[in-house]
Undergrad: 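Have a look at this one before I ask anything.
Nothing here was measured: the structure is a model prediction, and the numbers come from that model. Only heavy atoms go into these numbers, but all of them, side chains included; no hydrogens, no water, no symmetry mates. Naming: A, B, ... by sequence-line order, numbering from 1 per chain.
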Protein chains: 4
Amino acid sequence: MIQVKGRGGRPRSEQARDAVLHAVDDLLVEVGYAALTMKGIAERAGVGRQTVYRWWSTKAEILFEACVDDAEEELAVAPSRTPLAEITTYLDALVGFLAHSAAGAGYRALIAAAQHDPAVKELIATKDVLGASASAVLRRVDPDRPADDQAIDRLIGPAFFWIMSGRDPARLDTHELARSFLRGLEPEES
Amino acid sequence: MIQVKGRGGRPRSEQARDAVLHAVDDLLVEVGYAALTMKGIAERAGVGRQTVYRWWSTKAEILFEACVDDAEEELAVAPSRTPLAEITTYLDALVGFLAHSAAGAGYRALIAAAQHDPAVKELIATKDVLGASASAVLRRVDPDRPADDQAIDRLIGPAFFWIMSGRDPARLDTHELARSFLRGLEPEES
Amino acid sequence: MIQVKGRGGRPRSEQARDAVLHAVDDLLVEVGYAALTMKGIAERAGVGRQTVYRWWSTKAEILFEACVDDAEEELAVAPSRTPLAEITTYLDALVGFLAHSAAGAGYRALIAAAQHDPAVKELIATKDVLGASASAVLRRVDPDRPADDQAIDRLIGPAFFWIMSGRDPARLDTHELARSFLRGLEPEES
Amino acid sequence: MIQVKGRGGRPRSEQARDAVLHAVDDLLVEVGYAALTMKGIAERAGVGRQTVYRWWSTKAEILFEACVDDAEEELAVAPSRTPLAEITTYLDALVGFLAHSAAGAGYRALIAAAQHDPAVKELIATKDVLGASASAVLRRVDPDRPADDQAIDRLIGPAFFWIMSGRDPARLDTHELARSFLRGLEPEES
DNA sequence: GTTTAACCGAGACGGTACGTCGAGTCTTCAA
DNA sequence: TTGAAGACTCGACGTACCGTCTCGGTTAAAC
């Protein structure tokens with residue numbers, strides 16, 4: 001039992017919650033993050049404005065809740081036979097997520113908002129969306145290597161920068177990226 | 001002479017232009033990008049609101065004009081003796097720019113805005129701020145290698161992702177990053 | 001017995017009823033009619049919101065029930081020896097009621113609400129609070145004269161207008177008002 | 001010249017001012033004072049909400065400005081030959097104003113609002129709408145008699161109370177009211 | 001003594017007006 | 001023509017209260 005506070009009171013409407021989350025998803029692709037407003041979300045969800053504010057403080061919070069779960073799912077790739085295939089497959093999934101997925105658009109919007117909003121920065125720090133999936137892939141590639149933030153960073157960084165700076169995702173050679181990454185992973189020449 | 005239109009007329013006030021650009025710089029660090037308003041800029045610059053709109057359409061345009069020149073300057077590093085030192089020095093400059101410089105904050109804000117504003121996306125596409133400096137460094141490291149967008153991307157990407165995702169710049173090991181990058185640059189093993 | 005519907009069921013709580021009526025009385029003098037809300041009344045009375053709505057539709061109804069009985073009581077003056085004293089005493093009571101009594105404030109608020117709310121207009125028409133007391137006084141002054149709405153009106157009107165238009169009740173000369181009223185009551189000169 | 005403040009700046013739009021005042025007039029009769037909202041006024045007037053708030057703080061202020069001038073005009077009656085006719089004519093005008101005129105509805109709404117809003121009380125104290133016209137009539141009836149607030153009160157009060165308490169204006173015998181008033185005006189019997 | 005149902009409290013629900021603020025436009029004055 | 005000033009329409013902000021609803025508990029009358 002989690003819901004303990006108080007005794008009486010009407011319980012939270014799961015229907016309203018879902019309506020809001022879906023409204024955010026829809027509106028993000030339709031009008032973009034800048035034009036995403038609490039008012040608009042409430043109206044689209046067919047929900048009172050107060051109801052939205054009761055459960056979320058900002059549009060960033062709603063977006064976070066709406067797209068984080070989707071994100072992890074989209075980034076979970078099936079194991080491959082070789083490390084190169086493994087990394088390439090992951091990078092393809094990453095590029096697809098960042099460039100084409102609705103959840104990816106939400107993630108990019110959140111990263112963007114975090115640049116000038118400390119609250120969003122804290123929010124996205126609570127869940128390392130990209131890092132978790134990358135970490136899983138790296139563990140499969142080299143089970144002996146310890147968890148390494150910076151290796152994850154070298155894996156994700158180039159694709160992330162490519163997409164964020166607005167370049168065509170189709171022009172990114174993930175195979176070449178994967179090869180370079182794996183070579184960079186090799187131990188120092190003795 | 002560009003200003004030819006009409007016959008007479010008061011010429012554009014360079015003083016007002018500088019006041020606006022400096023106001024944007026100051027306000028960005030003081031209140032952040034989100035709280036940056038055209039009204040606020042005009043008032044801080046001691047300039048009429050219309051005067052701002054006459055020369056720039058959005059706050060992004062002003063910011064672009066205000067910080068791009070500074071950016072290139074801050075990222076121009078002196079040549080080093082070894083490739084590893086060259087790359088490490090550049091990465092340190094890059095991290096310093098992105099994480100601590102006013103111009104870097106402006107650049108991050110622009111990248112952020114570009115995620116949901118096609119106009120800003122076009123705007124920042126007109127000048128490859130980071131790419132230009134990185135390209136110069138790469139040319140010094142290996143003059144024979146042709147210009148390679150993706151190499152630039154692998155050089156900048158990890159640091160960019162590290163900073164953009166809000167992690168502590170001091171915890172980033174640029175030396176290790178430089179080594180991995182150079183190893184990734186080596187030709188395929190025969 | 002009125003409560004017949006259904007078969008069993010818990011009877012209405014008189015305690016809750018009194019708590020609401022007293023809460024309205026208190027809140028009226030504390031925050032004024034405009035700031036009087038159903039929610040505030042319920043909270044002040046320590047009663048559920050639904051409980052209030054179950055028995056009264058509007059704050060006007062509660063106020064009516066809360067202050068009408070008090071009103072009649074406050075306006076019932078003891079008989080005097082002369083008509084002039086009778087009328088003057090009554091007018092003093094009337095001014096005191098309208099200007100200084102909590103019930104009077106409630107009455108004024110109801111009259112005010114009636115100006116733009118037909119429901120309140122009907123409500124206050126069900127009980128002629130001022131008229132009843134004035135009628136009693138007039139009967140004592142001249143038992144032969146038949147009931148006369150307009151005489152009551154001439155008796156109450158001036159004091160009513162004085163208070164309602166916001167003038168200082170202390171500056172109203174009720175003695176002079178009484179004399180004028182009695183002279184106006186005299187039969188036409190032959 | 002009144003408009004001196006500052007030097008530049010776009011001047012106030014008289015068109016917007018008139019649109020607001022007319023919108024208030026219209027809405028008052030259409031939806032009543034309670035349902036009169038700043039938002040509704042702005043929309044009806046085809047004017048920005050900010051523009052309304054720039055010039056008036058409350059709906060009461062707008063209403064005051066919108067109907068006071070009309071009020072004085074409607075209450076200015078032509079001189080009659082006898083005092084009785086003079087008073088009767090005035091009372092008829094007064095009843096017509098209070099009961100049937102749009103401006104009168106506005107006046108009643110303001111008086112009502114003043115009962116629970118000190119700001120409105122101060123507002124309506126700045127201009128004695130009814131008193132001014134009544135005073136003019138009384139001067140014509142008896143030029144020697146000095147200005148007498150209480151006489152004005154006895155003249156207006158009964159009609160005011162009759163209308164405010166919601167009784168049928170057609171059932172009010174203004175002729176009888178006028179006779180009683182004039183009798184009450186006579187000097188004390190020696 | 002068990003139903004049985006209306007009671008009470010709490011609080012979330014969909015609405016809507018509030019007054020403020022920033023947007024971008026327009027219109028004046030003075031230099 | 002340029003600048004500064006400031007009013008214009010528009011619309012989102014977050015808050016408050018509206019009246020309704022839906023819960024968990026309680027309590028007194030009817031069987």
Side-chain angles (χ1 to χ4, degrees), chain A residues 3 5-13 15-17 19 35-43 45-55 57-59, chain B residues 3 5-13 15-16 35-40 42-43 45-54 57-59, chain C residues 3 5-13 15-16 35-40 42-43 45-55 57-59, chain D residues 3 5-13 15-17 35-43 45-55 57-59:
Chain A
Q3 179 105 10
K5 66 171 179 184
R7 283 174 300 119
R10 182 178 179 173
R12 176 174 183 180
S13 160
Q15 186 183 323
R17 178 177 178 273
L36 201 60
T37 66
M38 294 296 258
K39 188 175 186 255
I41 293 166
E43 285 171 0
V47 143
R49 207 122 70 93
Q50 186 71 266
T51 300
V52 179
Y53 282 108
R54 194 165 3 241
W55 302 110
S57 298
T58 63
K59 60 179 178 178
Chain B
Q3 177 111 10
K5 66 174 176 182
R7 289 173 294 126
R10 181 174 176 175
R12 176 174 182 182
S13 160
Q15 188 184 322
L36 204 61
T37 67
M38 295 297 257
K39 191 184 181 219
E43 283 171 1
V47 143
R49 206 124 67 96
Q50 194 61 272
T51 302
V52 180
Y53 281 109
R54 210 181 327 261
S57 296
T58 64
K59 60 180 179 179
Chain C
Q3 179 110 8
K5 64 173 175 181
R7 286 175 297 129
R10 181 179 179 173
R12 175 175 184 181
S13 160
Q15 187 184 323
L36 203 61
T37 69
M38 294 297 257
K39 191 184 181 218
E43 283 170 1
V47 143
R49 207 125 67 95
Q50 193 63 270
T51 303
V52 180
Y53 281 109
R54 194 160 7 236
W55 299 109
S57 297
T58 64
K59 60 180 179 178
Chain D
Q3 178 106 8
K5 66 170 178 184
R7 283 173 299 120
R10 180 178 180 171
R12 176 174 184 180
S13 159
Q15 185 184 324
R17 177 177 180 272
L36 200 61
T37 66
M38 294 296 259
K39 186 175 187 255
I41 293 166
E43 285 172 0
V47 143
R49 206 124 69 93
Q50 187 72 264
T51 301
V52 179
Y53 281 108
R54 204 181 333 260
W55 300 110
S57 299
T58 63
K59 59 180 179 177

Undergrad: Nearest to the side chain of C/Val47, which nucleotide is it out of E/dG9, E/dT27, F/dG3?
TA: E/dG9
Undergrad: In whole Å, I'd like the distance from the CD atom of A/Gln15 to the P atom of E/dC13.
TA: 11 Å
Undergrad: Within this structure, what is the CZ-to-C1' distance between D/Arg10 and F/dG6, rounded to whole angstrom?
TA: 9 Å
Undergrad: Over how many whole Å does the gap from B/Lys39 atom NZ to E/dT20 atom C1' extend?
TA: 11 Å
Undergrad: Taking atom P of F/dC21 as reference, at what distance in whole Å does atom CZ of C/Arg54 sit?
TA: 13 Å
Undergrad: Between D/Trp55 and F/dG6, does any side-chain N or O lie under 4.0 Å from OP1 or OP2?
TA: no
Undergrad: About how many Å separate CZ of A/Arg12 and OG1 of A/Thr51, when rounded to the nearest 0.5 Å?
TA: 9.5 Å
Undergrad: Hey, does D/Thr51 reach any base, or is it just sugar-phosphate, or nothing, if we go heavy atoms under 4.0 Å?
TA: base
Undergrad: Could you tell me which non-hydrogen atom of A/Ser13 sits nearest to which non-hydrogen atom of A/Ala16, and how far apart they are?
TA: OG-N, 3.0 Å
Undergrad: Is any N or O donor-acceptor pair between the side chain of A/Gln50 and the base of F/dA16 shorter than 3.5 Å?
TA: yes
Undergrad: Between the side-chain atoms of A/Arg49 and the base atoms of E/dG15, is any donor-acceptor pair under 3.5 Å?
TA: no
Undergrad: So which one's nearest nucleotide on DNA chain E is more toward 5', C/Ala16 or A/Ser13?
TA: C/Ala16
Undergrad: Show the nearest heavy-atom pair for residues D/Met38 and D/Ser57, with the distance to one decimal.
TA: CE-O, 3.7 Å
Undergrad: Taking CZ from A/Arg12 and C1' from E/dA12, how many angstroms apart are they, rounded to a whole number?
TA: 10 Å
Undergrad: Can you measure A/Met38 atom CE to E/dC21 atom C1' for me and round it to whole angstrom units?
TA: 17 Å
Undergrad: Please state how far atom OH in B/Tyr53 lies from atom P in F/dG3, giving the value in whole angstrom units.
TA: 16 Å
Undergrad: Judged by each residue's nearest nucleotide on DNA chain E, which is more toward the 5′ side, A/Gly48 or D/Leu36?
TA: A/Gly48
Undergrad: What pair of heavy atoms forms the shortest contact from D/Lys39 to D/Arg49, and how long is it?
TA: CA-CD, 3.7 Å
Undergrad: Search all heavy atoms of A/Lys59 against all heavy atoms of A/Ile41 and return the closest pair with its distance.
TA: CB-CD1, 4.4 Å
Undergrad: Once you apply a heavy-atom cut-off of 4.0 Å, does D/Gly40 come out as touching a base, just sugar-phosphate, or nothing?
TA: nothing
